[in-house]
There are 2 protein chains.
Amino acid sequence: MLTLPSATLSAATTWQSRRPSRTRWQNGATMREALTAAASRRVTRPAPLRQAVYDALTELIVSGSLKPGQHLVEAELAEHLGVSRQPVREALQRLQTAGWVDLRPAQGAFVHSPTEEEAAQLLGVRAVLETYSAQLAAQHAKPEDIERLWELQQDGVDALAEGDVERLVAANTALHEFITSVADNAVLAELISQVGQKVRWYYTPIAKPRGKEAWNEHSQLIKAIAKGDADRAGEVMRKHTERTTDFYRKQISAGASQG
Amino acid sequence: MLTLPSATLSAATTWQSRRPSRTRWQNGATMREALTAAASRRVTRPAPLRQAVYDALTELIVSGSLKPGQHLVEAELAEHLGVSRQPVREALQRLQTAGWVDLRPAQGAFVHSPTEEEAAQLLGVRAVLETYSAQLAAQHAKPEDIERLWELQQDGVDALAEGDVERLVAANTALHEFITSVADNAVLAELISQVGQKVRWYYTPIAKPRGKEAWNEHSQLIKAIAKGDADRAGEVMRKHTERTTDFYRKQISAGASQG
DNA sequence: CGATCGAGTTCTGTATACAGAAGCCTGTAT
DNA sequence: ATACAGGCTTCTGTATACAGAACTCGATCG
């Protein structure tokens, strides 16, 4: 049985009351208030299985345990994960909408096989989304945001110096994600997250991360954001993502066999 | 019982064999080839209920029959649609990922209530996506595409002259969608579709469509695309969507009561 | 020897059943 | 009269059962 990452329930699992409830706290604020406030943070969440299954399958796909084109048999997944077919099916529905699997009627789920064309399109879309993200970030950034950006930048530079590839990739992701969070646009953040995860899925196995040059570009980007120069921030980010795109494409055309 | 738009199965329902099948058509191309090719387009598709339910619920939400914040009781929906709870649940999963409903654990599905902030963010994201779409369209457009664009433009101008609001909105959508199809980026098209549908859902009930000015801008846009001038096409589209954004915002701040 | 047909198997699609949680209502005490 | 407590009802979450479609494999016929 595989372990379900039930801890990964994510913040999306809001847990609030259906209605304001009859008992009105507005006027008659009695005792038990502090107690209720303390206990309101339930320790044991019901943890919907479908969410855990969704996370588990996404992880299995991204990590490559489930290969593109592979047929996902519901009963098999259910047994491996120790649940019934029902939560598995619900997770598969979401995976389809998110683009991780293809659901063929009466045949079941298959891990999505991205074509090179689709991968190229993903990079293009990511570029415009990231550009917009940088522009918004430049408009909304506060001093403490800039501070944090430089910290993340330093993390990346350190990882680069130490040759720690895994940490380097993590630092890069963290920096871009923080810029997106500074941009303060939830719709944009959601799309970037979707697209970015797919890009990493497709390119991480066949391309190594960029090096010093990329982090110099990050540095310029942060400076532009710090100045509140949205145009320049967007332009720097646009070139940055374009260079990353070229970098990936070159490695692909050069042949993926350079482990 | 509500009618299920089962005809709306969409092209996404690919229907091909799980594996290349043992019978290899590569070498031994025998008879029955033409026959098979003709019969391959099955007339009677199984029509997965979940898809029909998904389409039906989306329609109900977009049309306003199901109001934002409304609690969707599975058993109720199932009975109305004449199916069991299972397909309903699967459809709800997809609706959640697409952002149409919020799923609260142990409480069920609620029609998503977009905030004004979210609506504004949608407009911003749509602007950058449409801009990119216009740029790509300018790069990829063929002569026959330009021809078709002018036809669609004429449709809109005619509808405007006749004061046919419904046809005007349809023409506008058709023009933008065709530009996206010319852009030839499936990933982009998918995102624009998602965002666009949400924008229409939010703004159509409270804002009237733009008039002559918008179609003049369309005309400029088509000219730029015809010349293959990606920069100008993008710039025109960017201003076009920004003006639409302003147009919507003004009507909202002016108060929605201007039937 | 190869293609076709048909029975058996596997898997999906859908329906139904059951357990547990959340909300609602009534009764009771202060 | 108000607040709390308990039982009752409703709904979700999950599991199981069953029908039908698709695939597999072997037998038969050309």
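Given the structure is predicted, the values throughout are model-derived calculations rather than measurements. Lettering follows sequence order; numbering is per chain, from 1.
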Result for 5'-nearest mapping on DNA chain C, choosing between A:Ala109 and A:Gln86, is A:Ala109
Which whole-number value in Å describes the distance from [X] [atom1] to [N] [atom2]?
X: A:Leu77; N: D:dA15; atom1: CG; atom2: P; result: 14 Å
X: B:Asp102; N: D:dT12; atom1: CG; atom2: P; result: 15 Å
X: A:Phe110; N: C:dC11; atom1: CZ; atom2: P; result: 12 Å
X: A:Glu79; N: D:dT16; atom1: CD; atom2: C1'; result: 15 Å

If the cut-off is 4.0 Å, is [X] near the phosphate of [N], judged by side-chain N/O to OP1 or OP2?
X: A:Arg50; N: D:dG13; answer: yes
X: A:His71; N: C:dT12; answer: yes
X: A:Gln107; N: C:dC11; answer: no
X: B:Arg85; N: C:dA15; answer: no

Choosing from C:dT12, D:dA15, D:dC11, which nucleotide comes nearest the side chain of A:Glu74?
C:dT12
Selection from D:dG13, C:dT14, C:dT12 that lies nearest to any side-chain heavy atom of B:Pro87:
C:dT14
Touch class at under 4.0 angstrom, heavy-atom based, for A:Leu72 against every strand present
sugar-phosphate
Give every donor-acceptor pair under 3.5 Å between a side-chain atom in residues 167-175 of chain A and any protein atom, sequence neighbours left out.
from     : atom 1 : to       : atom 2 : distance (Å)
A:Arg167 : NH1    : A:Glu162 : OE1    : 3.0
A:Asn172 : OD1    : A:His218 : NE2    : 3.4
A:Thr173 : OG1    : A:Val169 : O      : 3.0

Contact between A:Gln70 and A:Phe110 at the side-chain level, heavy atoms closer than 4.5 Å - yes or no?
no
Residue pair B:Gln51 / B:Arg94, side-chain donor-acceptor N/O under 3.5 Å
yes
Please check if any side-chain donor atom of A:His112 sits under 3.5 Å from a side-chain acceptor atom of A:Glu118, or the reverse.
yes
Heavy-atom nearest nucleotide on DNA chain D taken for B:Glu76 and for A:Glu90; more 5' hit belongs to B:Glu76
